[in-house]
Asks: 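Can you keep this structure in mind? I'll have questions shortly.
Note that the numbering runs from 1 along the sequence shown for the chain.
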Amino acid sequence: MMSISEVRKMTKQALKGNWGLAIGGIALAYVILAAVSMLNFIPVLGTIAYYVFAGPFMIGATWFFLAISRQEKPEIGYLFSGFKTFGRNLLAAVLVFIFTFLWSLLFLIPGIIKSFSYSQTFMILRDDPNISPLDAITESRHRMNGHKGRLFGLVLSYVWVFFIPVIIMMILAIVAMATTAMFDYGYHSYSYDYYSSMPDMSPVFVLVFVLGYFLMAAVLFGLAIWIYPQVLIACAVFYDDLYASTGTFGGGDTDLHAPEDDTTFGAIPPVEPEAPHFENKTWGSASMVAPDASPESEETPPAEAPSIEEAQNDTISETVRPSQPEQSVEQKNDDEQK
């Protein structure tokens, strides 16, 4: 199986000539989801309508980037391909959400682990149109046995850059709160005359924080537009590599649909016995002698067979030669009496 660095290299190759399509697709997906999220302001029904739309749409976006990773050159409208099998994809999205949520109730970490277990479900639905959503989730679980840590490391190798603006925003917030608290304490302290003579800088720090907050939000959005397509395509490359390495059911489980003759990727072919080898010999020739035969063990040649003409003469002579009649018993008795 490919290492994380090899997957990243394959991701760069897949994005060559497709950067505009990938960035345009992810930007359009963000805009559409942001517009549909306005339905959440409608109590209950709005939230239900948002998730009914978001489930198949996110599956279509996953298929879109899977097609880019395979150099299929999809059109931008392929983002909505998840609505072609609306009921099946909606059920798959709902089941993945429910299972992940239930595991998250135990603690946050089990929910994260299970989210990686179910990460291959949507791509399996694209490659196998006849599979049911529950079977796709089960197959994703089997494939990801022993590979969840590798996928986590792959995703982390991209998203770690998001921590930089987040840390900067946290530092700005701490500085703004500290300066505000300092001037507020000075205003109510006994050194009122001293602090009252100094200009109040807390509004300045608050303004700097607000500006810095919006600046970092813009940076985060730009990073998301640049990094998130790479993450999705890297996950698609990981999916293809995982399928090539594990087959239908991975993690040490046998393939239930495979024939008895194992010809899956990576299987060791059976060793066939070598054919007999004869050096400088020709089948049917009189000179073919076993390699270990010695001159002493050669048999004496057989006696020469009679020629065809001699055999014919012998046959003719036997045929022409008159046969002598046998004497009867009475004639023998008469001869004896004489």
Asks: So, taking the atom named CZ in R88 and the one named CD1 in I131, what distance separates them when rounded to the nearest 0.5 Å?
Replies: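 R88 atom CZ to I131 atom CD1 measures 8.0 Å (nearest 0.5 Å).
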Asks: Excluding sequence neighbours, so at least two apart, what forms ring pair (Phe, Tyr, Trp, His ring centres under 6.0 Å) with F80?
Replies: F57
Asks: For S69 and A236, work out which heavy atoms get closest and say how close.
Replies: OG-CB, 3.4 Å
Asks: Looking at the rings of Y228 and Y158, which for Trp means the six-membered one, are their centres under 6.0 Å apart?
Replies: no
Asks: For the hydrophobic clusters of this structure (ILVMFWY residues joined by side-chain heavy atoms under 4.5 Å, transitively), does one cluster hold both F101 and I113?
Replies: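 Different clusters.
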Asks: Of the options L79, L125, I68, which is the one that meets W63 in a side-chain contact (heavy atoms from CB on, under 4.5 Å)?
Replies: L125
Asks: Evaluate T138 against D135 for side chain to side chain donor-acceptor pair (under 3.5 Å), listing each step before the verdict.
Replies: CA-CA 5 Å; T138 303; D135 288 341; 5.0 Å; no
Asks: Decide if atom CD of Q13 counts as having more than 12 heavy atoms of other residues, nucleotides or ligands within a radius under 6.0 Å.
Replies: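 Enclosed: over 12 neighbouring heavy atoms sit under 6.0 Å from CD of Q13.
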Asks: Got a sec: does the CE of M170 have more than 12 other heavy atoms crowding it under 6.0 Å?
Replies: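 Atom CE in M170 is not packed in, count stays at 12 or less.
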Asks: Distance check, rounded to the nearest 0.5 Å: I26 atom CD1 versus F64 atom CZ?
Replies: 9.0 Å
Asks: Can you name the closest pair of heavy atoms from L134 and L95 and give their distance?
Replies: N-CD1, 4.4 Å
Asks: Does one hydrophobic cluster hold both I98 and L106, with members joined at side-chain heavy-atom distances below 4.5 Å?
Replies: yes
Asks: How far does CZ of F53 sit from CZ of F86, to the nearest 0.5 angstrom?
Replies: 9.5 Å
Asks: Just so I know, are the side chains of F97 and V94 near enough to count as touching, which here means a heavy-atom distance under 4.5 Å?
Replies: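 Answer no - side chains too far apart.
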Asks: Output all residues satisfying ring pair (Phe, Tyr, Trp, His ring centres under 6.0 Å) with F116, sequence neighbours left out; order by chain, then residue number.
Replies: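 Partners of F116 by the ring pair (Phe, Tyr, Trp, His ring centres under 6.0 Å) criterion, ordered by chain and then number, come out as F152.
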Asks: Could you pull out all residues at least two apart from S115 that satisfy side-chain contact (heavy atoms from CB on, under 4.5 Å)?
Replies: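 S115: side-chain contact (heavy atoms from CB on, under 4.5 Å) contacts with T100, I112.
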Asks: Hydrophobic clustering (ILVMFWY, side-chain heavy atoms < 4.5 Å, transitive) - are Y50 and V31 grouped together?
Replies: no
Asks: Could I get the full list of side-chain contact (heavy atoms from CB on, under 4.5 Å) partners for V219, not counting sequence neighbours?
Replies: P165, M216, L223
Asks: Applying salt bridge (charged side-chain N to carboxylate O under 4.0 Å, His left out), can you list everything that pairs with D127, at least two apart in sequence or on another chain?
Replies: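 Counting only residues at least two positions away or on another chain, D127 forms a salt bridge (charged side-chain N to carboxylate O under 4.0 Å, His left out) with R70.
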Asks: Answer whether the closest heavy-atom distance between the side chains of W19 and W226 falls below 4.5 Å.
Replies: yes
Asks: Decide whether K73 and N18 meet the rule of one side-chain donor and one side-chain acceptor closer than 3.5 Å.
Replies: yes
Asks: Is it the case that the side chain of Q230 and the backbone of T11 share a donor-acceptor pair, with hydrogens and angles ignored and the cut-off at 3.5 Å?
Replies: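 Checked: no pair found.
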Asks: What pair of heavy atoms forms the shortest contact from M144 to S117, and how long is it?
Replies: CG-O, 3.8 Å
Asks: Set out, in order, the CA-CA distance, both residues' side-chain angles and the distance that settles side chain to side chain contact (heavy atoms under 4.5 Å, CB included) for T62 and L66, then state yes or no.
Replies: CA-CA 6 Å; T62 303; L66 179 62; 5.6 Å; no
Asks: Between Y118 and W103, is any pair of side-chain heavy atoms under 4.5 Å apart?
Replies: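 Y118 reaches W103 side chain to side chain.
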Asks: Given side chain to side chain contact (heavy atoms under 4.5 Å, CB included), test D241 with H147 step by step and report yes or no.
Replies: CA-CA 11 Å; D241 178 58; H147 302 285; over 6 Å; no
Asks: Do K9 and V237 have side chains that get closer than 4.5 Å, going by heavy atoms?
Replies: no
Asks: For M2, does the CE atom have more than 12 heavy-atom neighbours from other residues, nucleotides or ligands under 6.0 Å away?
Replies: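 Atom CE in M2 is packed in, count exceeds 12.
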Asks: Sequence neighbours excluded, which residues qualify as salt bridge (charged side-chain N to carboxylate O under 4.0 Å, His left out) partners of R141?
Replies: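 Residues passing salt bridge (charged side-chain N to carboxylate O under 4.0 Å, His left out) with R141: none at all.
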Asks: More than 12 foreign heavy atoms under 6.0 Å from CG of L105: is that the case here?
Replies: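 Counting other residues, nucleotides and ligands, CG of L105 exceeds 12 neighbours.
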Asks: Going from CG on L154 to CD on E6, what distance comes out if it is rounded to the nearest 0.5 angstrom?
Replies: 12.0 Å
Asks: Is there a path of hydrophobic side-chain contacts, each under 4.5 Å between heavy atoms of I/L/V/M/F/W/Y residues, joining M58 to L232?
Replies: no
Asks: Are I42 and V44 joined in one hydrophobic group, where the rule is that I, L, V, M, F, W and Y side chains link up if heavy atoms are under 4.5 Å apart?
Replies: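 Yes, I42 and V44 fall within the same hydrophobic cluster.
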Asks: I'd like to check C235 versus L151 (side-chain heavy atoms, cut-off strictly below 4.5 Å). Are they in contact?
Replies: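 In contact.
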Asks: Is the shortest side-chain N to carboxylate O distance from E72 to R126 below 4.0 Å?
Replies: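 Salt bridge present between E72 and R126.
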Asks: Do N89 and K84 make a side-chain contact, defined as non-hydrogen atoms from C-beta onward lying under 4.5 Å apart?
Replies: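 Answer no - side chains too far apart.
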Asks: Can you name the nearest heavy-atom pair linking A54 to L33, along with the distance?
Replies: CB-CD2, 4.2 Å
Asks: Once rounded to the nearest 0.5 Å, what's the spacing between atom OG1 of T47 and atom CZ of F41?
Replies: 10.5 Å
Asks: For the residue pair F238 and V7, what are the closest heavy atoms and their distance?
Replies: N-CG1, 4.4 Å
Asks: Counting only heavy atoms from other residues, nucleotides and ligands, does the tally under 6.0 Å from OH of Y30 exceed 12?
Replies: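 Above 12, so yes.
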Asks: So, for L90 and Y51, which heavy atoms are closest and what is the spacing to 0.1 Å?
Replies: CD1-O, 4.2 Å
Asks: How long is the straight-line distance from CZ of F99 back to OG1 of T121, given to the nearest 0.5 Å?
Replies: 10.0 Å
Asks: May I ask you to test the L21-P74 pair for a side-chain heavy-atom distance under 4.5 Å?
Replies: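 A side-chain contact exists here, since the closest heavy-atom pair is under 4.5 Å.
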Asks: Can you find a pair of side-chain heavy atoms, one from I124 and one from Y239, that are under 4.5 Å apart?
Replies: yes
